[in-house]
Amino acid sequence: MRKSIILLLTLLILILQTGCWSRVELNDVAIVTASAIDLAQDGKYRLSVQILKMKMTKGISEKGGSSDNATLIISAKGDTIMDALNILQKKIPRLIIFSHNRVVIVGEKMARAGIAPAIDFFSRHREARGNSFLLTTKGEAVELLKVPSNFEIFTAEEMREEEKARMLDSASVRDFIYRLFEKGIEPTSSQMQVVPLSDQNGKPTKEDEKLGLGLVGVGIYRKDKLLGWMERPEAECLLWLRNKMGNSVLTVAVPEKDKPPGRVSVQLISAKTKFKSKISGEKIQFDVAIKMTGELFENSTKLSIKEMNNLNKIQHALEKGIENRVTMTVKKLQKQFKSDVVGFGNILHRQHKNDWNIIFADRWEEEFPNIEVNTKATFKLIGTGRANESIVDE
């Protein structure tokens, strides 16, 4: 019995003493924080990575240094993205790892040719994370990596924080792949650009002008190919339609009798959108009901909020503003892009499964531009700030 106990204790001690056979020391790796992929002039793929310089991060975080000192950007071209990575690896003495890759940026030229190679690489690589944000940009993707960060230690973290705020319709690598394989819905990606931090009034940016990174719209796709861009107001509308509204402001003009119209701005608090589809022969109709709440933050009209009629007038103007914006956004998707990024086909599939499978599943791209979409908005002001009376002069 005693020998058995000693043997058992010895085995336990041996188990606890074993190390991790596959361990890689921190000072032997190059941690990728962001990746950028462009299509070169010769048709090859250019992979650019932003690598965190570990020996610099402690001093920078304490002293408030810039990402110029915290990161290193390296690039290489290859026949495939993996081929480019192999060439990159030969340029530096440390093992490149993607386990902390925050964002994947794709340049416009490659996105229009087809984003599938980038998605394929980052979905197969065992270290890459599916929740990395996918971004597209006009011009070359590598240019975004070169912009110094203004609020974070390195640029990739700044991009990630902007995406997390959900100001516009965002997508991860995993989300994009899901939409590629799901019938009745097309993919989107956030559009990020280098922007001046001060208003230029349409003038060219000066060399010493402070620059930053801004989300300016979304890229609209059919399958894996970029068709074009939707600007910020329309991109925000896509969030309403997909029940993913983040921090958003709505400004509308309020008509006044015998007076020029004033404007109100409200901070949107909640939005709930419901879809009801109808099929009549070959005709498809969607009724879209949007319920929103918000708080009045600015009132440049001459209307007193204490009077219920005036309050109703403002709410009615907000409802009309929402309906007009949704209508314009859907029409643009139907007529200009012919791409169902909202997912009307997906909704039709859920609500009319048999009709979808038999009639519409294989021809939705042709049907989508012809569907009828009717929007009805309901808005409720749940706060008017600290002032009820208008302070605008008569």
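- The environment of K320 atom NZ is sparse: at most 12 non-hydrogen atoms of other residues, nucleotides or ligands sit within 6.0 angstrom.
- Heavy atoms from other residues, nucleotides or ligands lying under 6.0 Å from CD of E231 number 12 at most.
- A donor atom on one side chain and an acceptor atom on the other are not found under 3.5 Å apart for N324 and T327.
- Heavy-atom neighbours of H316 NE2 from other residues, nucleotides or ligands within 6.0 Å: at or below the threshold of 12.
- Between V341 and I185, the shortest heavy-atom contact is O-CG1, 3.9 Å.
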Notebook entry, point to check: Can you check side-chain contact (heavy atoms from CB on, under 4.5 Å) on I105 and V142, steps first, answer last?
Noted result: CA-CA 8 Å; I105 313 162; V142 67; over 6 Å; no

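- Nearest heavy-atom pair, Q315 versus F379, reported as atom, atom and distance to 0.1 Å: CD-O, 3.7 Å.
- Aromatic rings from F344 and F275 are positioned such that their centres are separated by under 6.0 Å.
- With values rounded to the nearest 0.5 angstrom, I269 atom CD1 is found 5.0 Å from T293 atom OG1.
- L211 places none of its side-chain heavy atoms less than 4.5 Å from the side chain of L197.
- Counting non-hydrogen atoms of other residues, nucleotides and ligands closer than 6.0 Å to CD of E366 gives a total above 12.
- Under a 3.5 Å cut-off, the side chain of E158 and the backbone N or O of F151 do form a donor-acceptor pair.
- Between K183 and the choices N346, D362, N357, the side-chain contact (heavy atoms from CB on, under 4.5 Å) rule is met once, by D362.
- Side-chain contact between F154 and E157: present, with at least one pair of heavy atoms (C-beta onward) separated by less than 4.5 Å.
- Heavy atoms of other residues, nucleotides or ligands lying less than 6.0 angstrom from CZ of R363 number more than 12.
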Ring pair (Phe, Tyr, Trp, His ring centres under 6.0 Å), that's the test. Do F176 and Y221 meet it? Break it down for me.
CA-CA 10 Å; F176 198 96; Y221 288 76; 5.1 Å; yes

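- In the displayed structure, K283 atom NZ is contacted under 6.0 Å by at most 12 heavy atoms of other residues, nucleotides or ligands.
- Rounding to the nearest 0.5 Å gives a distance of 4.5 Å between CZ of F98 and CG of L85.
- When hydrophobic clusters are built by joining Ile, Leu, Val, Met, Phe, Trp and Tyr residues whose side-chain heavy atoms come closer than 4.5 Å, directly or via intermediates, I358 is grouped together with L348.
- Using cut-offs of 30° and 60° for the angle between ring planes, the W364 and F368 rings count as tilted.
- Inter-residue side-chain proximity for E127 and H100 is flagged as unmet; no heavy-atom pair is nearer than 4.5 Å.
- Side chains of Q50 and T33: a donor on one and an acceptor on the other come within 3.5 Å.
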